[in-house]
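Structure first, commentary second.
Quick note on labels: first sequence line is chain A, next is B, and so on, each numbered from 1.
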Protein chains: 2
Amino acid sequence: MMNRTFVLLERISALLRSEQRREAGSAGLEPVHLQALGYLARANRFSDTPQSVGEYLGLSKGNMSQRLLWLERSGYLQRTKDEWDGRVVHLGLTGRGLKAVAEFSPPALWVEAGGEDENLAAELEKVLHRLLGRGGYRGFGQCRTCRHHQKRAGGGHCGLLKVDLEPDQIDKLCREHEMEEEAERIRTPDR
Amino acid sequence: MMNRTFVLLERISALLRSEQRREAGSAGLEPVHLQALGYLARANRFSDTPQSVGEYLGLSKGNMSQRLLWLERSGYLQRTKDEWDGRVVHLGLTGRGLKAVAEFSPPALWVEAGGEDENLAAELEKVLHRLLGRGGYRGFGQCRTCRHHQKRAGGGHCGLLKVDLEPDQIDKLCREHEMEEEAERIRTPDR
DNA sequence: TCTAATAGTATCGTTGCGATACTATTTAAT
DNA sequence: ATTAAATAGTATCGCAACGATACTATTAGA
């Protein structure tokens, strides 16, 4: 079998999706909701927008917009308008949103089975980066590991956006993230 | 971050699903169709049924039945009734089905990015088996690695079903598969 | 022989999804 | 400064995946 790795990935994720439905379905939460909430819990203040969530998950912006509106109306998210750019909206998790992530992502089965594994994570990260590079997707890495990041006293500084960063932002995900070495060219598909 | 492995798995599979839609969507093939076809291409003659596909992917039998009916009507599958048990139906890939699997599963991006990796596959297999054990899912392993399998001249023999196996069946997936060591108890959820 | 269990299908309501079209805001170009 | 283009987001449409439930047909078991 020469697609062994792919087949394993496919099945594991199918089973995990199935488990998430079983566990969170009664609350009306679908896998995509949990993924969006999970991302937003880890996104910095330049990347907590509908746009970014869609790019992160590879889903169309129209679709994402509707999922996020539902999440807001259901009390999992709170939206605030950007004070500089009237077009953009920022999304933050409410207490209910945080609770949902803590409870359902990852699903209980994952924890029970001891799914976390440093070795596996390292391997997955390598594959992910190869996929991101070839596919033209954004990397969404932490500021701390970004080539535009500069350490400053009491926080950091983004050389690309030219703004200072609060300490808590440095470990979060950024849509503008670029690796240290090669600057990967970015494609922004809407579809 | 203590859910690093899960988060990586989640994103990789989200992106791969997205790619599959992009590549196979024009043919009307959704990810679930490709997963079903891929499984059936590797299932032995006791496991090529709607029931088995649903269990393999963790989806309800009603849903699977409808997906499979569509696949048959669209010419990707051929159904034949079981000659012993009038209730069961066997599913086999047509030329068109085989072609679809070869073309779209895995998606081109996976191949381009060099996603296959022995090391990663081995790690994934370990996690999968832990998930299967805890979750009560069937393992669907190859006859060759089953505790009921007995080598015979010109093929093999299944000690559980008490039938001889043709050579080509030995490397295929079986829903009755049990590991050598511990016999895992099976749960059969319908949901 | 009758009852339960099983494999599969039909149908219903809900929701995820891409595509398209639209609004509002910002940026670039003339 | 006015106008055109780009961008972020939403609304709407059609389609299809999904679980739940109810149903049929066949087989196994008491």
Side-chain angles (χ1 to χ4, degrees), chain A residues 14-15 17-36 46-55 57-74 77 79-91 175 186 188-191, chain B residues 14-15 17-36 46-55 57-74 77 79-91 175 186 188-191:
Chain A
L15 294 180
R17 287 173 65 87
S18 170
E19 283 292 320
Q20 278 190 325
R21 273 182 212 279
R22 266 170 37 90
E23 296 178 13
S26 55
L29 287 167
E30 296 287 326
V32 65
H33 296 136
L34 295 170
Q35 288 179 12
F46 311 110
S47 314
D48 56 354
T49 64
Q51 170 103 312
S52 297
V53 187
E55 289 175 356
L57 296 174
L59 299 176
S60 70
K61 71 171 183 178
N63 180 24
M64 278 319 306
S65 180
Q66 299 308 307
R67 297 315 121 227
L68 294 167
L69 285 173
W70 181 88
L71 282 169
E72 194 226 352
R73 291 193 208 105
S74 305
L77 288 179
R79 30 197 330 114
T80 55
K81 300 197 82 171
D82 187 280
E83 58 177 327
W84 306 95
D85 190 330
R87 294 170 299 183
V88 346
V89 165
H90 295 275
L91 304 162
R175 66 193 300 263
I186 301 296
T188 309
D190 185 335
R191 287 188 285 118
Chain B
L15 294 180
R17 286 172 67 86
S18 170
E19 283 292 320
Q20 278 190 324
R21 273 182 211 279
R22 266 170 37 87
E23 296 178 12
S26 54
L29 286 167
E30 296 287 326
V32 66
H33 296 137
L34 294 170
Q35 288 179 11
F46 311 110
S47 314
D48 56 354
T49 65
Q51 170 103 313
S52 297
V53 188
E55 288 174 357
L57 296 174
L59 299 176
S60 68
K61 71 173 182 177
N63 181 25
M64 277 320 307
S65 179
Q66 298 307 307
R67 298 314 123 226
L68 294 167
L69 284 173
W70 183 89
L71 282 169
E72 193 226 352
R73 290 191 208 107
S74 305
L77 287 180
R79 33 198 325 114
T80 55
K81 302 198 80 170
D82 187 280
E83 59 176 326
W84 306 94
D85 190 331
R87 294 169 300 182
V88 347
V89 165
H90 295 276
L91 305 162
R175 66 192 301 263
I186 301 294
T188 309
D190 185 335
R191 286 187 288 118

Write down the distance between [atom1] ([X]) and [atom2] ([N]), rounded to a whole number of angstrom.
{"X": "A:Asp82", "N": "D:dT7", "atom1": "CG", "atom2": "C1'", "value": "13 Å"}
{"X": "B:Glu83", "N": "D:dT26", "atom1": "CD", "atom2": "P", "value": "16 Å"}
{"X": "A:Glu30", "N": "D:dA16", "atom1": "CD", "atom2": "P", "value": "19 Å"}
{"X": "A:Gln35", "N": "C:dG16", "atom1": "CD", "atom2": "P", "value": "12 Å"}
{"X": "A:Lys81", "N": "C:dA24", "atom1": "NZ", "atom2": "C1'", "value": "8 Å"}
{"X": "A:Arg73", "N": "D:dA11", "atom1": "CZ", "atom2": "P", "value": "7 Å"}
{"X": "B:Arg21", "N": "D:dC15", "atom1": "CZ", "atom2": "P", "value": "16 Å"}
{"X": "A:Gln66", "N": "D:dT12", "atom1": "CD", "atom2": "C1'", "value": "8 Å"}

task: Name the residue closer to the 5' end of DNA chain D, choosing between A:Ser65 and B:Trp70 according to the nucleotide with the nearest heavy atom.
output: A:Ser65
- prompt: In terms of the nearest nucleotide of DNA chain D, which residue is placed more toward the 5' end: A:Arg17 or A:Val88?
  reply: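 In this pair, the answer is A:Val88.
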statement: Assign each of B:Leu69 and A:Leu29 the nucleotide of DNA chain C bearing its closest heavy atom; nearer the 5' end lies the nucleotide of B:Leu69
Looking at every non-hydrogen atom in both residues, tell me the closest pair between [X] and [Y] and how far apart they are.
{"X": "B:Trp70", "Y": "B:Gly28", "value": "CH2-O, 3.5 Å"}
{"X": "B:Asp48", "Y": "B:His90", "value": "OD1-ND1, 2.6 Å"}
{"X": "B:Ser18", "Y": "A:Gly58", "value": "OG-O, 2.9 Å"}
{"X": "B:Leu57", "Y": "B:Ala36", "value": "CD1-N, 4.2 Å"}

Measure from the side-chain heavy atoms of [X] and tell me the nearest of [options].
{"X": "A:Arg79", "options": "C:dT11, C:dG16, D:dT10", "value": "D:dT10"}
{"X": "B:Pro50", "options": "D:dT10, C:dG8, C:dT15", "value": "C:dG8"}
{"X": "A:Lys61", "options": "D:dG9, D:dG19, C:dT11", "value": "D:dG9"}
{"X": "A:Gln51", "options": "D:dG9, D:dG19, C:dT9", "value": "D:dG9"}
{"X": "B:Leu59", "options": "C:dG8, D:dC18, D:dG9", "value": "D:dC18"}
{"X": "A:Asp85", "options": "C:dC17, D:dG9, C:dT25", "value": "C:dT25"}
{"X": "A:Arg87", "options": "C:dT9, D:dT7, D:dG19", "value": "D:dT7"}

Between CD on residue A:Glu55 and OG1 on residue A:Thr49, distance to nearest 0.5 Å: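 Result: 7.5 Å between the selected atoms.
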field: Spatial distance of atom CG (B:Leu68) from atom CD (B:Gln51) [nearest 0.5 Å]
entry: 12.0 Å
message: Please tell me if A:Arg67 has a side-chain N or O lying less than 4.0 Å from either OP1 or OP2 of C:dG16.
response: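 Indeed, a polar side-chain atom of A:Arg67 lies that close.
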- prompt: Contact class for B:His33 vs. all strands (heavy atom < 4.0 Å): base, sugar-phosphate, or nothing?
  reply: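 B:His33: backbone/sugar contact only, no base atoms under 4.0 Å.
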task: Could you check whether A:Asn63 gets within reach of a base, just the sugar-phosphate, or nothing at all, counting any heavy atom under 4.0 Å?
output: base
